[in-house]
There are 2 protein chains.
Amino acid sequence: MMKVLIVEDDPLHRSYLHEAVNAALPECDTVIEAENGTVGEKLARDHKSAHIVMDLQMASRNGIEAARTIWKERPETRILFWSNYSDEAYVRGVSRIVPDGAAYGYVLKSASDERLKLALRSIFIESQCVIDREVRGLQQKSLGQTNGFTDSEYEILVDIALGLTDRAIAKRRGLSLRSVQNRLQQLYDKLDVYQSAGDDHEDGRFNLRARAVTVAFLRKLLNYSALERAEAELQEWLDGK
Amino acid sequence: MMKVLIVEDDPLHRSYLHEAVNAALPECDTVIEAENGTVGEKLARDHKSAHIVMDLQMASRNGIEAARTIWKERPETRILFWSNYSDEAYVRGVSRIVPDGAAYGYVLKSASDERLKLALRSIFIESQCVIDREVRGLQQKSLGQTNGFTDSEYEILVDIALGLTDRAIAKRRGLSLRSVQNRLQQLYDKLDVYQSAGDDHEDGRFNLRARAVTVAFLRKLLNYSALERAEAELQEWLDGK
DNA sequence: TAACAAGCTGCGGGTTTACGCAAGACGGCG
DNA sequence: CGCCGTCTTGCGTAAACCCGCAGCTTGTTA
């Protein structure tokens, strides 16, 4: 007997998932649905759900937040993330919250029926991690170093994206002013903010700090959800003086 | 006899739309589908489509871009935008490209079947504009002045979001340096960047410029698609010396 | 243990931002 | 016409930012 919880905004996708679960998991006898992260968390708690399919980006409370609190309460929960996009921001967000040894998956909505069903079985039955090929690529790149970003670089990227001053960042991260600026420089370097600036004449130069954020956005290193989470963390920190 | 073109990423939504069109418009005998903006444009041209349902945010070429080129070729085309979100950025983007007197609509994906079908009939048969209540609110706010943004303020917001320096903005918009900075100040004012900054002591102050962009993002004044379009325009301008 | 790369930090200075102050310019309106 | 509000511009200043240079602390490798 197995129970599966589906957390997904869009009614169409929700019913599609429902069918997919029924088809892929005959051993599953009950499927419950939640239409956003908040009720998702609640249902997971009430039903002690061990098998969850979760959409990222939902209006009320996004999948990453929901997954975090769920995993905090029951780290052995198996969660399959089912998302439209493979932004590095999402991938980073997810891999930062998955508990040690937990089984989880990440498949794109553009994947075929087969892939989805296979992933469902692999994760829920075999407790095996299944990460979409495309997503996998990002993961490699971001954890390895090649053309990817260090955690500290990513951290400072988020900080300037939030609009903190150098001084504020220094205080927050426990660094000196100069160190913060060092990190900024290497960030600018990696994001290629210089070349796009007016190379020869100072005709159309960019504001490096602002440009870096934009470039990061355009490259999907950042997205709305990541900003939202970072902002929440920031407020938390501000309140805690 | 009527032909309807559907431009939509998601196969699920596409087939849902297909059914909705069939149900709402018995006089429609052919429905064609495109899975992104690029082929949407092409099909619209080939079939001289006069009735289009268009998703915003698609991977290859987003709905606003596609609609713009379509309307440029055939301004009397009726387009119903069908979107997940009602970000001010989208609303602004759409209302900037709709030709004078054209019939168009904007309904949210969260709307009921009834609403969608009604909108289809109103726009395609009656040539009447139908704008979702929620979206309407934004439109009012942004075109009127109450708590909304002037075009010039919005313009400069985009410019700093792109990462331009004050000087570059001045050159681009044909203003003096000081004027640019004036507009920035009133932007900061409206975005409430000050209060959130460290009120009393200079403990955790914000970089106003960067913060403004973030706040705009969080308030959905900007989004990825808007940035993308702005970036394209910028490149165009840069190339044109 | 020596050597070396990588990261942190202070110093100094050139540039860019943020913004108060004040002098025009333009467009209504009584 | 004169008054007034809005927008533009120049000047000047304090702060913030970008960054080269050089001295230190680490963890790593020979």
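The shown structure was predicted, so the numbers you read here are calculated from the model rather than taken from an experiment. These numbers come from the heavy atoms of this one structure, side chains and all, not from hydrogens, waters or symmetry mates. Throughout, protein chains are lettered first and strands after them, A, B, ... in sequence-line order, and every chain is numbered starting at 1.
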Task: Geometric cation-pi criterion, B/K220 with A/Y224: 6.0 Å, 45° - done: yes

- [ ] Can you check whether any acceptor in the base of D/dG12 is under 3.5 Å from a donor in the side chain of B/R178, or vice versa?
- [x] no

Task: For atom CD1 of A/I156 and atom P of C/dG7, their distance in whole Å - done: 13 Å

Task: Presence of salt bridge, A/K109 and B/D9, under 4.0 angstrom - done: no

TODO: Starting at CG of B/L184, measure out to CD of B/Q181 and round the result to the nearest 0.5 Å.
DONE: 7.0 Å

Open item on the list: Please confirm whether the ring centroid of A/Y194 lies under 6.0 Å from the ring centroid of A/F206.
Closed with: no

Task: Polar contact flag, side-chain donor to acceptor under 3.5 angstrom, A/Q57-A/Y85 - done: no

- [ ] Could you check how far CD of B/Q181 sits from P of D/dG12, rounded to whole Å?
- [x] 15 Å

Open item on the list: If the cut-off is 4.0 Å, is A/T165 near the phosphate of D/dA16, judged by side-chain N/O to OP1 or OP2?
Closed with: no

- [ ] Take atom CZ of B/R205 and atom P of D/dA14, then tell me their distance rounded to the nearest Å.
- [x] 16 Å

Open item on the list: Please classify the nucleic acid contact of B/L177 as base, sugar-phosphate, or nothing, using heavy-atom distances under 4.0 Å.
Closed with: nothing

Open item on the list: Between C1' on D/dA16 and OH on B/Y188, what's the gap in Å once rounded to a whole number?
Closed with: 12 Å

Open item on the list: Below the 4.0 Å mark, does D/dT9 have OP1 or OP2 next to a side-chain nitrogen or oxygen of B/S176?
Closed with: yes

Task: Nearest-angstrom distance from the residue atom CD of B/E153 to C1' of D/dT6 - done: 12 Å

TODO: Could you state the atom-to-atom distance from CG of B/L184 to P of D/dT8 in whole Å?
DONE: 12 Å

- [ ] Quickly work out the B/L208 CG to D/dA14 P distance and round it to whole Å.
- [x] 19 Å

- [ ] Name the residue closer to the 5' end of DNA chain D, choosing between A/N182 and B/G174 according to the nucleotide with the nearest heavy atom.
- [x] B/G174

Open item on the list: With a 4.0 Å cutoff (strictly under), does any side-chain N or O of B/Q185 reach OP1 or OP2 of C/dG20?
Closed with: yes

Task: Distance, rounded to the nearest Å, where A/I160 contributes CD1 and D/dA16 contributes C1' - done: 14 Å

TODO: May I ask you to verify if any side-chain N or O of B/R167 is less than 4.0 angstrom from the OP1 or OP2 atom of C/dT16?
DONE: yes

Task: Side-chain N or O of A/R183 closer than 4.0 Å to phosphate OP1/OP2 of C/dG7 - done: no

Task: Residue B/N207, side-chain heavy atoms: nucleotide from D/dC17, D/dC19, C/dC19 that is nearest - done: D/dC17

